[in-house]
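Some notes on the structure that comes next.
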Number of protein chains: 2
Amino acid sequence: MPAVSAAQGRSTSNGGAQRRRAGRPSAAVLDKAGITAAALELISRKGYGGLTMAALAKVLEVAPSALYNHVASKQDVLLLVEDHLMSLVDLSGFGGGSWEDAVRAWAWSYRDVFAEHTPLIPVIAVLPVTDAPQTLAMYETVSKGFLDAGFPQERIIPAIVALESFIFGSAYDVTAPEDIFDSGSMAGSTPNFSAAVRSSAAGQERGRPADTAFSLGLDALISGLGALRK
Amino acid sequence: MPAVSAAQGRSTSNGGAQRRRAGRPSAAVLDKAGITAAALELISRKGYGGLTMAALAKVLEVAPSALYNHVASKQDVLLLVEDHLMSLVDLSGFGGGSWEDAVRAWAWSYRDVFAEHTPLIPVIAVLPVTDAPQTLAMYETVSKGFLDAGFPQERIIPAIVALESFIFGSAYDVTAPEDIFDSGSMAGSTPNFSAAVRSSAAGQERGRPADTAFSLGLDALISGLGALRK
DNA sequence: CTAATAAATGAATGGCATTCATTTAGTGGT
DNA sequence: ACCACTAAATGAATGCCATTCATTTATTAG
């Protein structure tokens with residue numbers, strides 16, 4: 001199928017999109033910032049399942065192959081998105097106030113941002129920071145916050161990594177279905193677990209279960225790691 | 001059914017799979033246990049990139065479409081694998097000894113198992129335990145361990161979830177490349193971060209960096225969560 | 001004995017990322 | 001002013017992949 005797709009257009013009041021003839025256009029249509037923005041729009045509209053190179057090209061009113069003049073692969077697009085998201089993480093606490101409060105605000109916003117973007121977590125976990133300026137900027141601010149709070153220099157990176165690991169895992173947790181711990185017909189053979197599930201659901205009432213666990217773990221990490229300060 | 005599983009070809013020691021004629025064979029060739037075993041073998045040999053329905057069918061010496069008589073989708077295969085892996089997690093500490101030691105042994109082995117299977121983490125995070133008997137069994141044992149250690153019932157699930165979140169995030173961390181924190185040409189603009197990276201690398205010497213961070217975070221979590229006991 | 005069901009084959013199907021030949025436009029050097 | 005090179009677009013493959021469907025054969029239930 002020729003896929004009428006992107007640029008149909010002509011006279012009808014569509015999104016615009018005149019068909020472009022082959023060859024380099026006078027003004028460049030694409031750049032990394034535009035690709036990033038289009039990817040984010042697509043993700044928010046259709047989710048990560050809807051983020052395909054073809055769909056991205058359609059949003060940008062370009063042939064799919066044109067994207068490859070600006071990124072080497074789809075993975076590259078994900079990297080661009082990932083780095084952009086890092087700029088949304090709240091670092092304001094590291095400007096003043098206690099280390100505990102700064103870490104808490106940072107961790108909650110970091111988790112919230114990536115809870116909406118869990119498919120990027122495997123990407124982040126392996127992404128060399130060199131290629132990600134926003135990510136690097138975040139690490140710089142956080143490192144300085146830890147240093148100023150009195151952390152021994154050689155403990156700073158392990159502490160940040162431990163916190164990040166917890167944050168990434170917790171981001172997945174946010175996306176879990178309500179009934180994930182429903183033991184169903186097997187409940188009879190798991191009395192202790194089933195009782196614990198019932199009991200935590202009962203004591204819950206307000207707020208998401210994921211928030212309760214995150215709060216609990218974060219407090220434990222903050223107090224445990226905080227003890228490393230000189 | 002013992003499930004001959006990875007069906008071997010007739011007499012010849014070819015890798016080559018006698019061609020079976022169409023129609024139901026007298027003895028069933030496939031079952032879930034065999035599919036699970038073949039998937040695990042494939043994963044260990046070729047990684048998750050090599051785990052395709054076609055490759056799985058080839059290992060089992062069947063046509064790809066035959067798999068769909070036993071599983072509904074590839075996701076289903078991943079679920080089978082995931083549940084099998086849960087049986088490899090070390091629960092022995094919960095038989096006796098201190099809660100701290102039991103949790104520590106459980107957490108390390110849990111992380112080690114899934115560090116080799118990070119592509120399953122998104123699957124687990126969303127998997128209803130009903131469909132996963134081994135997973136359910138693990139939760140039962142761990143829940144009982146927490147209860148016996150004096151945890152208030154309504155705190156047990158949040159505490160386990162917090163630990164699991166940390167474990168999953170840390171499993172990704174194990175797979176990160178050595179030089180992930182290399183700031184390269186940008187190092188000049190990130191003095192605090194770069195110094196922290198150098199310093200933690202220097203103090204490292206033995207063991208993986210991921211182990212240092214995991215140990216640090218796990219100790220913090222254990223001492224913080226342990227304080228919840230009555 | 002027969003109808004329903006289970007389990008296999010083999011041939012599509014449609015979606016996907018990616019590549020390649022081709023076209024056109026700007027750019028740097030002489 | 002010319003020319004070679006490079007940049008940025010189109011459009012037509014390519015190959016991989018999960019999944020579906022019609023068909024065949026065997027077993028099982030009534």
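What you see is a predicted model, and the numbers here were worked out from it, not measured in a lab. Protein chains get the first letters and strands the later ones, always in sequence-line order, with residue 1 at the start of each.
Listed pair His70(B) / dA8(C) meets the phosphate criterion, a side-chain N or O lying under 4.0 Å from OP1 or OP2.
Contact annotation: the side chain of Phe114(A) never approaches that of Ile167(A) to less than 4.5 Å [non-hydrogen atoms, C-beta and beyond].
Nearest approach of Glu140(B) to Thr190(A), heavy atoms of both residues: OE1-C, 3.1 Å.
One atom, NZ of Lys58(B), and another, C1' of dC16(D), lie 14 Å apart when rounded to the nearest Å. Between Glu61(B) atom CD and dG10(C) atom P there is a gap of 14 Å when expressed in whole angstrom units. Atoms CG (Leu56(A)) and P (dC16(C)) sit 12 Å apart, rounded to a whole Å. Summarising the geometry, the separation between CG on Asp31(A) and C1' on dA7(D) is reported as 14 Å, rounded to the nearest angstrom. Rounded to whole Å, the distance from CG on Leu67(A) to P on dT19(C) is 13 Å.
If you check distances only, the side chain of Asn69(B) never reaches the base of dA6(C) with a donor-acceptor pair under 3.5 Å.
Aromatic ring centres of Tyr110(B) and Phe168(B): separated by under 6.0 Å.
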Where each pair must be Watson-Crick or G-U wobble with both distances under 3.5 Å, what dot-bracket representation of DNA chain C is obtained, with crossing pairs in [ ] and other-strand partners as |? ||||||||||||||||||||||||||||||
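Across all strands, Thr52(A) comes closer than 4.0 Å only to sugar-phosphate atoms, never to a base (heavy-atom distances).
Taking every side-chain heavy atom of Met53(A) into account, dA17(C) is the closest of dC21(D), dA17(C), dT10(D). Closest to the side chain of Arg24(B), from the set dC17(D), dT5(C), dA9(D), is dT5(C). Looking at the side chain of Arg20(A), the nearest of the listed nucleotides dA8(C), dA18(D), dT10(D) is dT10(D). When distances run from any side-chain atom of Tyr68(A) to the nucleotides dT10(D), dG10(C), dT18(C), the shortest one goes to dT18(C).
Ionic pairing of Asp90(A) and Arg104(A) is not present here: no N-O contact between side-chain nitrogen and carboxylate oxygen is shorter than 4.0 angstrom.
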Residue pair Asp83(B), Thr135(B): steps toward the side chain to side chain donor-acceptor pair (under 3.5 Å) verdict: CA-CA 6 Å; Asp83(B) 195 48; Thr135(B) 306; 2.8 Å; yes
Using side chain to side chain donor-acceptor pair (under 3.5 Å), reason through Glu164(A) and Tyr139(A) one step at a time and then give a plain yes or no. CA-CA 11 Å; Glu164(A) 270 190 311; Tyr139(A) 284 128; 2.7 Å; yes
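Between Pro64(A) and Ser73(B), the residue whose closest nucleotide on DNA chain D is further toward the 5' end is Pro64(A). Between Leu30(A) and Ala55(B), the residue anchored nearer the 5' end of DNA chain D, judged by the nucleotide with its closest heavy atom, is Leu30(A).
The aromatic rings of His117(B) and Tyr48(B) sit perpendicular, their planes meeting at an angle over 60°, well past the 30° parallel limit.
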